[in-house]
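What follows is a set of notes on a single structure, which appears directly below.
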Amino acid sequence: MGEAEDLAQARQKFIDLVKQLDEGVKCVVPTGPAAGNFLIALSKGSQQKRITISEDDMLELLEDEKLVMETVRQAIAELDA
């Protein structure tokens, strides 16, 4: 598989992970990184949060979601605050 396909799979896995943690959170993940990072927008109701995930961490998500899990949980908790 090429890197573009891997990034597409990782992007979808990230979206699925967010939905698994909280179905009420909307997640917008760009189709590609900017300067080696993904700037991801999370929103729930009127609350918004942006998080940055490196391209390497996004690709690692295919093997081990624990790497970004804490970042996502923390961001979702801040949306609920």
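Side-chain atoms are counted along with the backbone in the values below, which use heavy atoms only and exclude waters and symmetry mates. Because the structure is a prediction, the values reported are computed rather than measured.
- With rounding to the nearest 0.5 angstrom, the CD atom of Glu5 is 10.0 Å from the CD atom of Glu3.
- The stretch residues 14-24 participates, sequence neighbours left out, in these salt bridge (Lys or Arg N to Asp or Glu O under 4.0 Å) pairs: Asp22-Lys44.
- Sorted pairs that involve residues 25-37 and meet salt bridge (Lys or Arg N to Asp or Glu O under 4.0 Å), not counting sequence neighbours, are lacking altogether.
- When hydrophobic residues (I, L, V, M, F, W, Y) are linked wherever their side-chain heavy atoms come within less than 4.5 Å, the members clustered with Phe38 are Leu7, Phe14, Ile15, Leu17, Val18, Leu21, Val25, Val29, Ile40, Leu42, Ile51, Ile53, Met58, Leu59, Leu61, Val68, Met69, Val72, Ile76, Leu79.
- Legend: salt bridge (Lys or Arg N to Asp or Glu O under 4.0 Å) pairs involving residues 45-59, not counting sequence neighbours, sorted by first then second residue: Lys49-Glu78.
- For residues 61-76, there are no side chain to side chain donor-acceptor pair (under 3.5 Å) pairs, not counting sequence neighbours.
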